[in-house]
Amino acid sequence: MQANRDWRLLLTIALLLSATLGLQALSHGSPTVLRQKLDNFPRQVGAWDSVDVAIDEDVQEVLGASDLLNRVYFDPQNNISIGLFIGYFGSQQRGGAIHSPKNCLPGAGWSALKGGLAAIDLPGYPEPVNVNRYIIQKGLNKQLVLYWYQSQGRVIASEYAAKVYLVWDAATKNRTDGALVRFITPIIEGDEAAALER
């Protein structure tokens, strides 16, 4: 009886070790390089103009992204702004992984008031996609945050699902590239619907 259990334990360990080594061998692809730098993203969208916001080198090093865009679009007639952050990771191996805004925003002094999902229309997708929706506050300043993970044509709200897809894509496509897309805009006079529409 004991010998039977020992044999099963050794077989289980051997299978786990083989699977780990197999995934390691499959996931050593080269980082995927963007066709264009994120700086080439349109600087003007309709009546909205923009300004790039510098990211400290220390923060860039912690993020470990291959390419970053941190831009604020503003409508001068209505004095309204929308911040756009895109962090692209050509490879999410050896420490270069996407950081969740759920962890970063509190570190910058913001408190999450409420969270959930929002269904939004995105070009290229036939149906609305679910993205993360958070209301954050610092002092009297309230903002709406929308963010998602973009990977292999997928829009993914869940951090856990993003990790599952990352492992799947590494094993099946030899790719670990992906991006975080985040929008942030002020909530004016408590009007969350207007912020979401914006």
Side-chain angles (χ1 to χ4, degrees), residues 32-90 98-151 153-157 177-198:
T32 304
V33 179
L34 286 172
R35 290 183 212 180
Q36 294 185 37
K37 300 277 293 163
L38 291 174
D39 278 348
N40 292 332
F41 200 82
R43 293 185 178 279
Q44 189 164 13
V45 179
W48 296 74
D49 207 349
S50 69
V51 62
D52 287 339
V53 180
I55 300 174
D56 292 339
E57 286 185 29
D58 294 343
V59 174
Q60 289 184 40
E61 192 172 317
V62 169
L63 288 173
S66 306
D67 197 5
L68 292 169
L69 176 70
N70 194 27
R71 187 171 287 166
V72 176
Y73 288 86
F74 55 91
D75 177 358
Q77 283 188 324
N78 298 307
N79 197 26
I80 298 173
S81 65
I82 299 174
L84 170 62
F85 174 88
I86 303 174
Y88 175 74
F89 296 77
I98 298 174
H99 297 75
S100 170
K102 278 195 231 178
N103 300 325
C104 298
L105 290 170
W110 292 93
S111 299
L113 299 181
K114 61 180 168 177
L117 296 176
I120 63 170
D121 293 316
L122 287 179
Y125 293 86
E127 296 183 16
V129 294
N130 284 325
V131 300
N132 292 292
R133 176 182 188 262
Y134 279 88
I135 305 297
I136 59 173
Q137 183 169 1
K138 184 195 282 188
L140 298 176
N141 186 358
K142 281 188 185 178
Q143 306 231 0
L144 169 69
V145 178
L146 299 177
Y147 75 91
W148 65 88
Y149 304 94
Q150 190 83 32
S151 175
R154 300 181 204 100
V155 172
I156 308 164
D177 55 307
L180 169 74
V181 180
R182 184 199 73 202
F183 288 93
I184 187 166
T185 191
I187 296 173
I188 300 167
E189 297 178 359
D191 195 344
E192 293 177 20
L196 181 60
E197 180 63 26
R198 191 179 318 132

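These numbers come from the heavy atoms of this one structure, side chains and all, not from hydrogens, waters or symmetry mates.
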When rounded to the nearest 0.5 angstrom, what is the spacing between [atom1] in [X] and [atom2] in [Y]?
| X | Y | atom1 | atom2 | result |
| --- | --- | --- | --- | --- |
| Leu68 | Leu180 | CG | CG | 10.0 Å |
| Arg133 | Leu117 | CZ | CG | 10.0 Å |
| Ile188 | Ile80 | CD1 | CD1 | 4.5 Å |
| Trp110 | Ile184 | CH2 | CD1 | 5.5 Å |
| Asn70 | Leu38 | CG | CG | 11.0 Å |
| Ile120 | Phe183 | CD1 | CZ | 7.0 Å |

Compare every heavy atom of [Y] with every heavy atom of [X], then report the nearest pair and how far apart it is.
| X | Y | result |
| --- | --- | --- |
| Val72 | Ser81 | CG1-CB, 3.8 Å |
| Gln60 | Ile55 | NE2-O, 2.8 Å |
| Phe74 | Pro76 | O-CD, 3.4 Å |

Q.
Under the criterion side chain to side chain contact (heavy atoms under 4.5 Å, CB included), I'd like the reasoning laid out for Tyr147 against Tyr134: C-alpha separation, chi angles, the key distance, then a yes or no.
A. CA-CA 9 Å; Tyr147 75 91; Tyr134 279 88; 3.9 Å; yes
Q. Yes or no on side chain to side chain contact (heavy atoms under 4.5 Å, CB included) for Tyr88 and Asp177, after CA distance, side-chain angles and deciding distance?
A. CA-CA 8 Å; Tyr88 175 74; Asp177 55 307; 3.3 Å; yes
(Q) Within a 6.0 Å radius of atom CD on Gln77, are there more than 12 heavy atoms belonging to other residues, nucleotides or ligands? (A)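 Not more than 12 within 6.0 Å, no.
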Q.
Other residues, nucleotides and ligands only: do more than 12 of their heavy atoms fall within 6.0 Å of CG on Asn79?
A.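 Atom CG in Asn79 is not packed in, count stays at 12 or less.
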Q: Determine whether Ile136 and Leu113 make a side-chain contact, defined as any pair of heavy atoms from C-beta on separated by less than 4.5 Å.
A: no
Q. If we only count heavy atoms from C-beta on, is the Val131 to Val181 side-chain gap below 4.5 Å?
A. no
Q: Can you run down the salt bridge (charged side-chain N to carboxylate O under 4.0 Å, His left out) pairs that involve residues 45-57, sequence neighbours left out, and say none if there aren't any?
A: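 Matches after skipping sequence neighbours: Arg43-Asp52, Asp52-Arg71.
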Q: Give me the ring orientation class for Tyr73 and Phe41: parallel if the planes are under 30° apart, tilted from 30 to 60°, perpendicular past 60°.
A: perpendicular
Report all side-chain donor-acceptor pairs from residues 122-130 shorter than 3.5 Å, counting only partners two or more places apart or in another chain.
{"unit_1": "Tyr125", "atom_1": "OH", "unit_2": "Gln150", "atom_2": "NE2", "d": "2.8"}
{"unit_1": "Tyr125", "atom_1": "OH", "unit_2": "Gly153", "atom_2": "O", "d": "2.8"}

Q) Is a side-chain N or O of Asn132 found less than 3.5 angstrom from the main chain of Ala157, in a donor-acceptor match? A)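 Checked: pair present.
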Can I get a per-line list of side-chain donor-acceptor pairs under 3.5 Å for residues 190-198, giving both atom names and the distance, sequence neighbours left out?
{"unit_1": "Asp191", "atom_1": "OD1", "unit_2": "Ala193", "atom_2": "N", "d": "3.4"}
{"unit_1": "Asp191", "atom_1": "OD1", "unit_2": "Ala194", "atom_2": "N", "d": "3.1"}
{"unit_1": "Glu192", "atom_1": "OE1", "unit_2": "Lys114", "atom_2": "NZ", "d": "3.3"}
{"unit_1": "Glu192", "atom_1": "OE2", "unit_2": "Lys114", "atom_2": "NZ", "d": "3.4"}
{"unit_1": "Arg198", "atom_1": "NH1", "unit_2": "Thr185", "atom_2": "OG1", "d": "2.6"}
{"unit_1": "Arg198", "atom_1": "NH1", "unit_2": "Pro186", "atom_2": "O", "d": "2.9"}

